[in-house]
Amino acid sequence: MSAGPGPHDPPSAVPARLWRGLARHRPPGVDALDRAWRSPVRGPWLTSVLGAVLLATLPLVIVTGLLDWIAYGPRLDQAFPRDVGWLHPPVFDWPTRPAWLFRVTQGLHVTLGIVLVPVVLGKLWSVVPKLFDWPPARSAAQVLERLSLLLLVGGILFQTVTGLLNIQYAYLFGFDFYTAHWYGAWIFTAALVTHVAIKLPRLVSALRGPGFARTPLGRTGPEPADPDGLVARRPGPATMSRRGVLAMVGGGALLLAAVTVGQSVDALRRTALLLPRGRSIDDGPTGFPVNRSVAAAGVTPEQTGPGWRLTLRAGSRTAALDRARLLGMAQHTATLPIACVEGWSTAQTWTGVRLRDLAGLVGATDPATARVRSLERAGLFREAVLHGGQVTDPDALLALRVNGVDLSPDHGFPARIIVPALPGVHCTKWVAEIVFDG
Amino acid sequence: MADLRRAYGAAPWHALLLAGCLAVTGWIALRLAGEASAGRMLLWFLGAVIAHDLVLFPVYASLDRVVRRAVDRGGNPSPLNHVRVPALGAGLLFLVYLPGILGLGDGTYVSATGLAPRAMLGRWLAVSGVLFAVSALIYAGRRFGRRAP
């Protein structure tokens, strides 16, 4: 059920004089515009099919986005934004198993967000005449509903644009991405829930009615006039069937998928033709994509040379180990993905010392947390806290080597953290110190 | 109740739902109002709507009209969609990967990847060219394939 009477009934809401006056005073151009909508395929059926696709997929994007925030560790005060007031989803310690968990949730969030762009644009195209409707509202209910539609459309466009710019490192917007994308998501989600609650009966009845999935171009014509006014008043001849429009939107989604999945699948890396993460450093064992370069981190060869020591602390016990001593300890090898919040990921074979063995060296047999500090002085992620489960997982490593060779400077030489399912930014590189607590 | 419903223009649950939606947004607006970049966020939020509804849509709708006038002369089969589909594909790629295509990545790109941003305009042109070529081949197949007895 929608707000109020149909588009062509006289308004009866209070104050009636306002709504009637608004309906009577048609600004110049409104009638010409009303006649200019020609496409005969616009109507409840096409809008409902596109709406159903978004209804089935957008919740996945929303949930994986929230999971990303949880993966950053709100309990350890590491999720951005930090203080979110009552917009606080239930949180839990991010698990280490399955090891591909974050790779999949974040890969889905980014890839699906990209792949749905043509569906969103198609859906907006199907309802765009409503934007120019006159009168813009016939009741207070319609004013509020229109306001929520501004939040809905603004929300999805804002989330898409900030997300796309973020993964391509073009920070043209000049505000904090985490804050904007987090609050933008809530505004959009609230508007989406509202929109679905109001329009779901329309969607169901349009999809239960006569279908057009098999109607060829020759028999494509307008639907009967609908109460929402989606159907053109003076439609022109059809130039594309409804199934043709859907195939085109689906084709657009497939095209985007084809040039995006390569950033998350090593064997297809080069197919991510237009994304930063389709590029590799080189073809060698350490040529896989870098998360932050050693130059950007300001870590110098002197700091990582023979003088480098790893400091371990637990309570009053400390130990300082050089790289030779670490290489002399029991080495463990694991093939683990490293996945970035920007959606790209790669799986590599890491070799190093188990974090729990390092904890044991300073007597921390069952630590509650481990605070890992990098040699890096300035970056947002120069320090990361791991919870107990992330320290004691048998594959949680202080990696010294990757793919059979020493880590390269860009990948964190002399030592870096790698933990199953841990977001890439918390896999601290150029590790200087680990403090075990509890 | 019926009077209230008529005066407001919809059922009471409609009002409650919208009050909830606007309350979430209002609370967020108040929370962000103190941020130095709040104005920019609002600008990008509203700007995105204006850019889509009043720039992108009119531009692609007008281009479509131009293409229709130029191409649609009642050929059988019509070449119209063989121009529209690859054009939309190329436009979609441009829109989504615009920073990469124009090499807009800034200092963050270099620090994040260890690579210099590289304009991928050539790649985009090549992919777009392939889309148009495939579409033209299919068109030729449809048009001249029919002539065979």
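Reminder, nothing fancy here: chain letters follow the sequence lines and each chain counts from 1.
- For the 3.5 Å distance criterion, the side chains of A:Glu145 and A:His195 fail to qualify, holding no donor opposite an acceptor.
- Proximity to chain A is absent for every atom of B:Leu4, based on heavy atoms less than 4.5 angstrom apart.
- Of the two parts of B:Ala15, neither the backbone nor the side chain holds a non-hydrogen atom closer than 4.5 Å to a non-hydrogen atom of chain A.
- Only the backbone of A:Val84 comes within contact range of chain B, with heavy atoms under 4.5 Å apart.
- Ring pair A:Phe158/B:Phe45 is tilted by interplanar angle, where 30° to 60° counts as tilted.
- Heavy-atom pairs under 4.5 Å with chain B peak, among A:Val294, A:Thr162, A:Val161, A:Val259, at A:Val259.
- B:Tyr60 meets the ring pair (Phe, Tyr, Trp, His ring centres under 6.0 Å) test with B:Phe57; sequence neighbours excluded.
- A salt bridge does not link A:Glu376 with A:Lys429: none of the charged nitrogens is closer than 4.0 Å to a carboxylate oxygen.
- Contact annotation for A:Leu172: both backbone and side-chain heavy atoms come within less than 4.5 Å of a heavy atom of chain B.
- At a threshold of 4.5 Å between non-hydrogen side-chain atoms, the residues B:Leu137 and B:Phe132 do not count as touching.
- Listed options A:Val117, A:Val128, A:Thr160 were ranked by heavy-atom pairs under 4.5 angstrom with chain B; first place goes to A:Val128.
- Highest contact tally toward chain A, considering only B:Pro99, B:Ala51, B:Ala36, is held by B:Pro99 [criterion: heavy-atom pairs under 4.5 Å].
- In this structure, the portions of A:Met240 lying under 4.5 Å from any heavy atom of chain B include both its backbone and its side chain.
- Ring centroids of A:Phe177 and A:Phe175 are separated by 6.0 Å or more, keeping the two rings apart.
- Side-chain N/O atoms of B:Thr25 and A:Tyr183 include no donor and acceptor closer than 3.5 Å.
- For the set B:Val85, B:Val96, B:Leu104, the count of heavy-atom pairs under 4.5 angstrom toward chain A peaks at B:Val96.
- Among B:Val24, B:Val49, B:Leu92, the residue with the largest count of heavy-atom pairs under 4.5 Å with chain A is B:Leu92.
- Interface summary for chain B: among A:Pro289, A:Pro276, A:Ser148, A:Gly252, the most heavy-atom pairs under 4.5 angstrom belong to A:Pro276.
- Residue A:Ala180 touches chain B through both its backbone and its side chain, counting heavy-atom pairs closer than 4.5 Å.
- With chain A as the partner, the residue from B:Leu56, B:Leu88, B:Leu93 showing the most heavy-atom pairs under 4.5 Å is B:Leu93.
- At a 4.5 Å heavy-atom cutoff, the contact between B:Leu131 and chain A is made by side-chain atoms alone.
- Options B:Leu98, B:Ile101, B:Leu22, B:Ile28 differ in how many heavy-atom pairs under 4.5 Å they form with chain A, and the most are formed by B:Ile28.
- The residue among A:Asp410, A:Asp176, A:Leu121 with the most heavy atom pairs within less than 4.5 Å of chain B is A:Leu121.
- Side chain to side chain, A:Gln168 and B:Tyr109 fail the donor-acceptor criterion of an N or O pair below 3.5 Å.
- Residue A:Asn166 does not touch chain B at all, counting heavy-atom pairs closer than 4.5 Å.
- Chain B forms more heavy-atom pairs under 4.5 Å with one residue of A:Val193, A:Leu256, A:Leu131 than with any other, namely A:Leu256.
- Contacts between A:Ile114 and chain B at a heavy-atom distance below 4.5 Å involve the side chain alone, from C-beta outward.
- Looking at A:Leu151 and B:Cys21, their side chains come closer than 4.5 Å, going by heavy atoms from C-beta outward.
- There is no contact between B:Leu43 and chain A, counting heavy-atom distances below 4.5 Å.
- Of the listed residues (B:Ala126, B:Ala19, B:Ala112), the one with the most heavy-atom contacts under 4.5 Å to chain A is B:Ala112.
- The aromatic rings of A:Trp86 and B:Trp27 sit tilted, their planes meeting at an angle between 30° and 60°.
- Residue contact with chain B, scored on non-hydrogen atoms closer than 4.5 Å, is absent for A:Ile167.
- Of all the listed residues (A:Ala170, A:Ala296, A:Gly154), the one sharing the greatest number of non-hydrogen pairs under 4.5 Å with chain B is A:Gly154.
- The shortest side-chain heavy-atom distance between A:Leu275 and B:Met120 does not fall under the 4.5 Å cut-off.
- Between B:Arg84 and A:Thr239, the side chains place a donor N or O and an acceptor N or O closer than 3.5 Å (distance only, hydrogens not considered).
- Both the backbone and the side chain of B:Arg118 come within contact range of chain A, with heavy atoms under 4.5 Å apart.
- Counting only N and O atoms by type, the side chains of B:Asn81 and B:Tyr139 include no donor and acceptor under 3.5 Å apart.
- Here the side chains of B:Tyr97 and B:Val127 are not in contact, with every heavy-atom distance at 4.5 Å or above.
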